[in-house]
Structures are given as C-alpha cells and as structure tokens.
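Order of appearance sets the numbers: ligands from 1, and atoms from 1 within every ligand. Just the heavy atoms: all of them, side chains too, but no hydrogens, waters or symmetry mates, feed the values below. If you're wondering where the values come from, they're calculated on a predicted model, not measured in any experiment.
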Amino acid sequence: MAIDLEATYKDLHRHPELSFAETRTSGIVADMLTALGLEVVTGIGRTGVLGVLRNGVGPTVLLRADMDALPVREETGLDYASEDCGVDPDGDEVPVMHACGHDVHVTCLLGAAERLLAERAQWSGTVVFLFQPAEELGAGALAMIADGLYDRVPKPDVVLGQHVAPAPAGIVGVHAGPAFAATDDLLVTLHGEGGHGSRPEATIDPVVMAAATVMRLQTIVSREVAGGETAVVSVGTIHSGTKANVIPSEATLGINIRTYDTAVRDRVVAAIRRIVAAEATASGATRMPEVEPAGSFPVLHNDATATERTAAAFVAAFGADRVIDPGRVTGSEDVGALATAAGAPIVYWLLGGEDPSRFVTGLANGTTDADIPSNHSPHFAPRIHPTLEVGVEALVVAAREWLG
Ligand SMILES: [Zn+2]
Ligand SMILES: [Zn+2]
C-alpha cells in the first residue's frame, strides 16, 4: 500500500471531529495501520489508536499524533475546507475545523509508519505509533494512560512528536527545556443584583463589574510579572444577560493563563483572585465571586540531552539552515504526560507549515503577526507541500536516530 499523503490530508481536513468524537478519523487510521500489517489497538482512551511495529531487538520509540479538531467555522476558502458540524459538550451543534492542524500530524504519522516499515531492514527495535484523542481538552493523553496504554504496548525509551506551526514550510524548530507553556483555565462567576435596565440605581450591575475586571486583569502581566519572566492572561469568554433592557444578576468570565514557572503561575493566579474580589467589592457586590479551576496542562519540558541528539539528526538530514530554535512557545500540549508516565525523555518539535514568501513580506513590513494566521484561527491553512513530506521525514529521521 502506498499512502497518498495529499489525498489523506484533504479527506481528514474536510471531515474534522471534536475531542473524543474522533471516530471516523480513528477508523481511517486503524484501517491504514492494519493494511500496513501492524499490530493495532483501537478504542484506547475512548477513541485512541495504537499501531505497533516490532522489528527485533532494540530501543522502543513512541511517535505521537493528536487527532481532534476545534469548534471553529472554517474561513480559509480552500476547496477542501470543512463544512462539517459536531456536538459540543453542552449539547449544541457547532461548526468544526482542523484549525490546529492535527490533520497534518495524523497524515505525517501514517506516512512515517509506511516509511519505517519499508526501511525495516535498516533498523531494529520497536516503534509505537500513537494516535491520541482530545489534545485540545488536555485530556486525551491522560485518558490513554488511564486506559492501560503501557500494559498494551512496550514502554518507550523516548517519546517523539511534532506540531505544525506558523513558521516557514520546510523548517523544523526544536527548543530544549521548557518548550510549551503550562496552562490553567479559571471560570469566574460574578454576582450582581438584577433589575430593570431603566433603574440601574436599584441593581448591582454584573456587566460593568465584568468589564472593569477584564480591564484590570490586563495589568497583571504588565505590572506584576517581572520583565524577564513570561506569562499570558487572556479572557476568552464573557457571558452575561439575555436582553438589552434587563440588567442581569450574574456574569461569567473564562480566563486562560500561560506560564513556564510555578512561582510565576502562583503569583498570577493569586493576582486574578485578588482583582476579581476587589472589583466585586468596588461594585458593591453583596456576594463574593467564585473562582474555580477549569482545566490545566503542565509545562512541556524537552529533555536537554535527547533534544540535542535529535536536533543533530535533523541538521544532518535537512541542513543547519532548516533547523531553528524557536524559543519557548506560549501554546500548551499534553503530549508530555505520555513521556512522564513512561519515565522517558520527550522531544517535541515545531513543523513549519506556512508559505515562506509570506514571512519575507511580513518581516519586511513588520506585519508578520497580523499577516500569518496562527493555530486556532479560522484562516489557519498549512501549505500541503512540502509540509507533509517534511513532517514525515522529520518523524522518520528522529525515530531512526533512536532505533538500533
Ligand atoms: Zn490547538
Ligand atoms: Zn494542537
């Protein structure tokens, strides 16, 4: 079987699936792995799939791809754009898009499975191909581990994987140490006193309270985090009210935090709690707000020695000009849990997916951040070539570096 990378990618892109609903995707993956003749495990961590390629004595390498998509309405205008919908955890029908590029990861890992099988006379050991659900919830890796992942496949000596990113296609980027941020989500409920829109004097307006809180939260990073440290605080959701002439009684804020250091994280969370309570007091609230944790990912820490070894293999394969250190990124990833549970090092790199000429223009005009859509944007549209070929090659090169 020869896997048609472009056709596979376009098919996956056209039919994205939300976290833990990746049934069509995992079916395609399982069929392809079975056709290659690998040992296949399905339904692990709900929709996860494993393929195992045993090839004699030697190290075990785990290669990971995540499979889920996002509740985003695609606006790329591509002829293979998604028009599919899914059902979100609240039971609402929502548009779905591969806005994080996990379809690239799945396609490249299938391509790598085919390549490593074809080249098996040149290496020895075991490769575990892991297709993970629900990365976007930070739940899929843990679900696979809880479902007995390492009872079903050998524990790896190294965990390897990649994420497509808004960097020039043809480039791989790998950073030793804390490479992806820790993230914490907080759900804040602000309590006011509802009433008629014509009589604000008889109410405590939670909309104004929420607006003031959102603005004051912006001072945490600028005024409370040291210049040499990094943190991001974003308010991603704000919900209140049903009608223009009704002052509601409650408002909720969904806050997302990114940090690389536990002390910074603790300081940011404490500042959020303080500001939320103080703004409620300033509004005259009679009931204090609730601040509840709503999910978190730990820092993804690329092992220094393993990263150096893998990066050297990339330089040998691609040339030094195509291997960069992108520094720390503020995105987060749950792939580290697969390595932690195995007691193995992890090396997780960025795969460029953007038209290089757009960087030349963007850098010349100083408009790179505005011009080039990032992951999770409705305009995120990785270039198919050479992104897929380089993604396959990077997985094969990294795996072969570790195999016997
Ligand atoms: Zn994502
Ligand atoms: Zn992602």
J.: Starting at CZ of Arg24, measure out to OG of Ser26 and round the result to the nearest 0.5 Å.
T.: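 If we round to the nearest 0.5 Å, Arg24:CZ and Ser26:OG are 11.0 Å apart.
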
J.: Tell me which one of Trp349, Tyr348, Phe297 satisfies ring pair (Phe, Tyr, Trp, His ring centres under 6.0 Å) with Phe180.
T.: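 It is Tyr348; the other options fail the test.
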
J.: Counting only protein atoms, how many N/O/S atoms are less than 2.8 Å away from the Zn ion (ligand 2)?
T.: 3

J.: So, does Glu279 use its side chain to make a donor-acceptor pair with the main chain of Arg216 at under 3.5 Å?
T.: no

J.: My understanding is that only residues two or more places apart in sequence, or in another chain, count here; which of them pass ring-ring contact (aromatic ring centres under 6.0 Å, His included) with Phe129?
T.: none

J.: Quick check: Phe380 with His376 (ring centres under 6.0 Å apart)?
T.: no

J.: Measure from the side-chain N and O atoms of Thr387 to the backbone N and O of Ala169, and report whether any donor-acceptor pair falls under 3.5 Å.
T.: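 Between the backbone of Ala169 and the side chain of Thr387 there is no qualifying donor-acceptor contact (under 3.5 Å).
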
